[in-house]
Amino acid sequence: DLVARAMAPRMAARLGQQVLVENRPGAGGNIGMDAVAKAAPDGHTIGLGAAGALSVNVSLLPSMPFDPLKDLAPVSMLAIIPIVVAAHPSVPVTDAKSLIAHAKANPGKLSFGTTGNGSAMHLAGELMKQMAEFDMVHVPYKGGAPAAADLAGEQIPLAIVDLTSALPHIRSGRVKAIG
């Protein structure tokens with residue numbers, strides 16, 4: 001959403017027409033990309049999708065409402081946005097090593113929010129759990145901003161989200177970056 005809103009004024013100036021951003025979160029990006037796939041192929045609808053909706057969901061979900069290879073035409077890669085493992089300041093961890101130790105000492109008691117089921121952030125958390133052999137509960141959100149807000153408000157102890165969503169909370173001290 002942040003990237004699309006930052007690009008919209010520049011695109012509008014270049015195209016000489018208004019550009020509207022309509023954020024349709026959910027289902028790992030499938031809701032928005034499905035709308036793009038079903039839009040009239042007149043060149044007036046452009047979708048901005050992450051890896052989940054464009055490649056990962058096909059492997060994770062039993063059915064897809066669209067075929068990314070047949071129903072969408074790629075234009076360009078627009079951005080690479082880093083992800084961050086972040087914790088509420090009340091969680092006694094400072095880095096990945098202390099997070100793993102804390103999670104192992106408290107099996108199943110930690111939860112982590114992400115941008116949704118099947119997202120790169122969700123898969124990163126599951127991989128971390130598997131590789132370090134500990135358990136924590138996944139809490140899917142409809143995007144990084146809601147997950148980061150709940151982390152800052154201590155609704156969840158951990159989050160794995162895009163850096164753009166977490167950065168304002170990290171800078172304010174309401175959230176600490178772990179990795």
Side-chain angles (χ1 to χ4, degrees), residues 1-8 21-34 47-61 77-179:
D1 188 62
L2 292 173
V3 173
R5 293 192 189 284
M7 292 299 299
V21 175
E22 183 179 351
N23 188 5
R24 292 194 184 184
N30 277 2
I31 292 173
M33 286 292 94
D34 185 44
L48 181 58
L54 299 174
S55 61
V56 177
N57 290 355
V58 174
S59 299
L60 294 178
L61 302 174
M77 183 170 77
L78 184 59
I80 296 173
I81 301 172
I83 63 174
V84 62
V85 179
H88 188 270
S90 65
V91 180
V93 298
T94 56
D95 55 19
K97 185 177 180 179
S98 63
L99 170 58
I100 293 166
H102 183 65
K104 285 184 175 185
N106 298 281
K109 292 183 181 175
L110 285 177
S111 60
F112 70 105
T114 71
T115 58
N117 286 323
S119 67
M121 292 75 157
H122 174 211
L123 296 179
E126 295 300 329
L127 181 62
M128 180 173 60
K129 287 169 39 178
Q130 183 180 36
M131 290 179 73
E133 299 178 338
F134 68 88
D135 188 32
M136 62 181 176
V137 178
H138 175 236
V139 181
Y141 282 82
K142 286 187 175 183
D150 272 6
L151 177 61
E154 204 174 359
Q155 302 301 309
I156 52 174
L158 301 165
I160 303 175
V161 295
D162 56 284
L163 185 58
T164 53
S165 294
L167 196 55
H169 302 293
I170 293 168
R171 286 183 173 151
S172 74
R174 293 178 300 197
V175 166
K176 58 184 174 181
I178 301 304

Checking Ile178 against Val91 for the side-chain contact (heavy atoms from CB on, under 4.5 Å) test, could you report, in this order, the C-alpha distance in whole Å, the side-chain angles of both residues, the deciding distance, and whether it holds?
CA-CA 11 Å; Ile178 301 304; Val91 180; over 6 Å; no
Tyr141: which residues meet the ring-ring contact (aromatic ring centres under 6.0 Å, His included) condition with it, sequence neighbours left out?
none
Contacts table for residues 103-113: side-chain donor-acceptor under 3.5 angstrom, sequence neighbours left out:
unit_1, atom_1, unit_2, atom_2, d
Lys104, NZ, Ala132, O, 3.1
Asn106, ND2, His102, O, 2.9
Asn106, ND2, His102, ND1, 3.3

Non-hydrogen atoms of [X] and [Y] that approach each other most closely:
{"X": "Thr115", "Y": "Gly144", "answer": "CG2-N, 3.3 Å"}
{"X": "Leu54", "Y": "Gly49", "answer": "CD1-O, 3.4 Å"}
{"X": "Val56", "Y": "Gly118", "answer": "CG1-O, 3.7 Å"}
{"X": "Gly173", "Y": "Pro89", "answer": "O-CG, 3.5 Å"}
{"X": "Ala8", "Y": "Val21", "answer": "CB-CG2, 3.7 Å"}
{"X": "Leu158", "Y": "Ala87", "answer": "CD2-CB, 3.5 Å"}

Do His138 and Asn117 have side chains that approach each other closer than 4.5 Å (heavy atoms only, starting at C-beta)?
yes
Side-chain heavy-atom pair Met128, Leu99 within 4.5 angstrom cut-off
yes
Any chance you could measure [X], atom [atom1], to [Y], atom [atom2], to the nearest 0.5 Å?
{"X": "Ile81", "Y": "Ser165", "atom1": "CD1", "atom2": "OG", "value": "8.5 Å"}
{"X": "Ile100", "Y": "Met131", "atom1": "CD1", "atom2": "CE", "value": "9.0 Å"}
{"X": "Ile83", "Y": "Ile160", "atom1": "CD1", "atom2": "CD1", "value": "6.5 Å"}
{"X": "Asn23", "Y": "Ile31", "atom1": "CG", "atom2": "CD1", "value": "10.5 Å"}

With sequence neighbours left out, which residue pairs that include part of residues 77-91 fulfil the side-chain hydrogen bond (donor to acceptor under 3.5 Å, both in side chains) condition?
His88-Ser90, Ser90-Glu154
Can you list every pair that meets salt bridge (Lys or Arg N to Asp or Glu O under 4.0 Å) and has a residue in residues 79-88, with sequence neighbours left out?
none
Enumerate the salt bridge (Lys or Arg N to Asp or Glu O under 4.0 Å) contacts for residues 126-144, please, sequence neighbours excluded, ordered by first and then second residue.
Glu126-Lys129, Lys129-Asp135
What do the steps show when you test Leu61 against Asn30 for side-chain contact (heavy atoms from CB on, under 4.5 Å), and what is the final call?
CA-CA 10 Å; Leu61 302 174; Asn30 277 2; 3.2 Å; yes
The side-chain hydrogen bond (donor to acceptor under 3.5 Å, both in side chains) partners of Arg174 (sequence neighbours excluded) come to His169, Ser172
